Amino acid sequence: MTSLAVANPGSLIQSVDWVAIAPPLIAAVAALAVLVTDLFLPERHKRWLGRLTVAGLALALIALLPLTDGSPRATFCVRNVAGGTDSGGCSYVADHFALVFQLLALGGALIAALLSMHTVDDERLPRGEYWFLLLSSATGAALLPASRDLATMVIALEVASLPAFALVALRRDGRGAEAALKFFVSSVTATAVMLLGVGFVYAASGSLHLGAVAEGLEHAPGQLKPLAEAGAVLTLVGFAFKVAAVPFHFWVPDTYTGAPLPVAGYLSVVGKAAGLSGLALATTVAFRPYAHTWGLALAVLAALTMTVGNVGALRQRFDTRYSAVRLLAWSSVGQAGYLLVPLAAAGYAPTGTDPLGATAAYALIYGVVNLGAFGVVAAVGRRAGASVDDFRGLFARNRWTALALAFFLLCLAGLPPGVVGLFGKVVVFRAAVDAGLGWLAVVMAVNVVVALYYYLLWTARLFAPAERPAPADAERRLPAGLTATLGLTASAAVVLSVAPQLVLQVAGGSLF
């Protein structure tokens with residue numbers, strides 16, 4: 001009879017580093033607290049659920065501070081033969097890379113929560129469900145950058161995605177259900193393809209931990225290499241969908257238009273950050289042996305994505321309803337192309353360089369200014385879908401709101417005084433040149449020039465004379481949540497433009 005006893009039973013018990021997992025854990029606990037509180041709180045007091053959500057996300061951000069000083073912290077680790085552990089066999093690692101993207105995910109969720117305060121009331125969305133879903137999605141987005149095995153990455157991606165489907169569908173004007181259905185069907189298809197790829201990778205490498213996957217693929221038998229390469233490509237599909245890379249971008253304009261405006265802003269920043277972090281981990285860590293293969297694939301994907309996004313924005317009519325959100329949607333597709341450039345460069349970068357810092361720095365800049373732009377759109381088109389032409393003469397009606405939007409658009413375009421946007425594009429451009437991807441740098445330069453047209457055209461409308469009367473609610477005082485959103489994002493963008501080194505220093509060192 002075979003004995004099932006182990007020599008050291010204590011080795012089967014894992015210790016948990018509660019400090020390391022605190023940021024996503026606090027967000028998850030806040031989500032449960034909101035869900036339970038909603039059951040007992042009278043309807044007249046349910047506005048407190050939004051404040052509880054903001055407080056939970058703020059605490060999750062504060063929990064990042066103890067992790068910034070010292071070496072990376074790892075937990076949920078597999079013990080090796082000697083009974084010890086190493087971060088290569090851990091499912092959760094709080095390193096520099098994870099902290100940067102957790103800051104982006106939780107900070108973006110916090111701004112989206114502030115932006116949602118008036119939307120939940122104006123559109124009469126179910127408060128408990130809305131805040132619970134937002135916190136749940138933020139939990140998955142914060143978990144993904146710290147995940148270090150494919151199973152945890154897939155789970156984190158789904159935790160970030162599934163609540164987002166419901167958030168889109170909460171809008172009750174008919175557009176929300178259609179947008180959620182398109183989002184759901186395309187996402188489920190991408191996830192199914194990704195799971196098939198994960199199965200192929202596991203069969204070829206014999207492991208799910210990213211470091212062990214890289215070693216397994218490097219020494220895989222020749223007959224398994226086609227399976228491994230196919231698995232790597234299929235695995236990247238799910239993350240490419242979240243980033244909204246071409247050809248997985250088709251859901252973006254309709255979904256952003258049908259979703260509540262804060263949810264559209266959340267998807268454009270936090271959803272993209274989650275997909276980007278997963279894509280970076282899968283390529284640079286797990287699929288490192290195939291660097292030149294996925295490097296070329298991502299370079300082509302980046303070129304196509306930025307081109308399609310900018311062409312779509314150029315074709316957008318300014319006088320149609322919801323054109324402001326659709327323009328930001330196409331702009332986010334184009335910006336995704338820029339974010340993919342350093343990832344492609346990582347496949348060609350010489351040993352000792354880390355282009356991923358450029359992606360992280362640009363993602364932080366993009367997150368601040370894009371959420372700020374969504375905040376201004378929410379301020380101008382409170383109930384109805386605003387067109388770009390509704391912004392004509394905004395400077396005469398609301399000077400500070402117009403100046404804020406102009407600054408955000410100039411940051412996205414990379415023009416002074418939006419200095420931080422300019423520096424971000426330079427960092428991304430340099431990553432492509434240093435990796436020998438001169439053709440991709442040329443494509444990026446052309447697209448940056450093309451994008452100037454629609455960014456400047458929108459900016460010019462802010463200061464042009466109004467051709468029609470302002471909407472009835474144009475002169476109303478902005479709600480506190482909108483004021484906080486615009487103040488926070490505008491202040492951050494100005495500070496980063498004055499001292500861009502605060503964020504660009506991320507691009508100067510290794511994230512792992």
Side-chain angles (χ1 to χ4, degrees), residues 14 76-80 87-93 98 139-141 143-165 183-249 251 271 274-298 300-301 340 343 346-347:
Q14 291 191 358
F76 301 113
C77 301
V78 177
R79 295 184 180 273
N80 55 33
S87 59
C90 297
S91 295
Y92 188 101
V93 178
T139 299
L143 174 62
L144 187 52
S147 303
R148 291 300 183 272
D149 69 70
L150 292 173
T152 306
M153 290 174 68
V154 171
I155 292 172
L157 186 65
E158 290 307 293
V159 172
S161 299
L162 291 175
F165 304 150
F183 187 20
F184 174 76
V185 171
S186 52
S187 179
V188 166
T189 303
T191 301
V193 173
M194 181 176 65
L195 288 173
L196 179 63
V198 170
F200 287 174
V201 170
Y202 178 71
S205 65
S207 178
L208 289 176
H209 286 94
L210 302 185
V213 167
E215 294 180 8
L217 294 181
E218 193 169 4
H219 300 96
Q223 62 268 30
L224 290 181
K225 286 191 176 179
L227 181 70
E229 292 173 352
V233 172
L234 295 176
T235 301
L236 299 182
V237 167
F239 299 117
F241 169 84
K242 291 295 292 183
V243 176
V246 173
F248 312 106
H249 71 290
W251 58 276
L276 196 65
S277 62
L279 195 63
L281 287 171
T283 52
T284 60
V285 181
F287 304 144
R288 188 176 61 248
Y290 302 143
H292 285 283
T293 301
W294 57 254
L296 177 60
L298 288 181
V300 174
L301 208 63
L340 289 173
L343 290 186

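Position 1 is the first residue of the sequence; numbering continues from there. Worth saying up front: this structure is predicted, and the values here are computed from it rather than measured. The figures that follow rest on heavy atoms only: side chains count, while hydrogens, waters and symmetry mates do not.
Annotation: the span from Phe184 atom CZ to Leu162 atom CG amounts to 7.5 Å, rounded to 0.5 Å. Atom OH of Tyr202 sits about 7.5 Å away from atom OG of Ser207, to the nearest 0.5 Å. Note: Arg148 CZ to Cys77 SG = 11.5 Å, rounded to the nearest 0.5 Å. Here His209 contributes atom NE2 and Leu150 contributes atom CG; the two are 10.0 Å apart, rounded to the nearest 0.5 Å.
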Taking distance alone, no hydrogens or angles, what donor-acceptor pairs closer than 3.5 Å link side-chain atoms of residues 151-159 to residues at least two apart or in another chain?
from	atom 1	to	atom 2	distance (Å)
Thr152	OG1	Asp149	OD1	3.0
Thr152	OG1	Asp149	OD2	2.8
Glu158	OE2	Thr191	OG1	3.0

Compile the donor-acceptor pairs under 3.5 Å between side chains in residues 214-230 and protein atoms, sequence neighbours left out, one pair per line.
from	atom 1	to	atom 2	distance (Å)
His219	ND1	Glu215	O	2.9

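Closest non-hydrogen pair, Ala141 versus Ala160, comes out as N-CB, 3.7 Å. When all heavy atoms of Val285 and Arg288 are compared, the closest pair comes out as O-NH1, 3.5 Å. Nearest heavy atom pair, residue Ala346 against residue Trp294, reads C-CH2, 3.9 Å. Contact between Val243 and Leu340 at its shortest, heavy atoms only, is CG1-CD2, 4.3 Å. Between Thr283 and Leu279, the closest heavy-atom pair is OG1-O, 2.7 Å. Of all heavy-atom pairs spanning Gly197 and Thr235, the tightest one is C-OG1, 3.2 Å.
Tyr92 has its side chain within reach of Leu143: a pair of non-hydrogen atoms, C-beta onward, lies under 4.5 Å apart. Counting heavy atoms from C-beta on, the side chains of Val213 and Leu208 never come closer than 4.5 Å. Side-chain contact between Leu281 and Leu144: absent, with no pair of heavy atoms (C-beta onward) separated by less than 4.5 Å. Contact of the Phe287 side chain with the Val233 side chain is not registered, since no non-hydrogen atoms from C-beta on lie closer than 4.5 Å.
Looking at Ser186, its side chain does come within 3.5 Å of a backbone N or O of Phe183 through a donor-acceptor pair.
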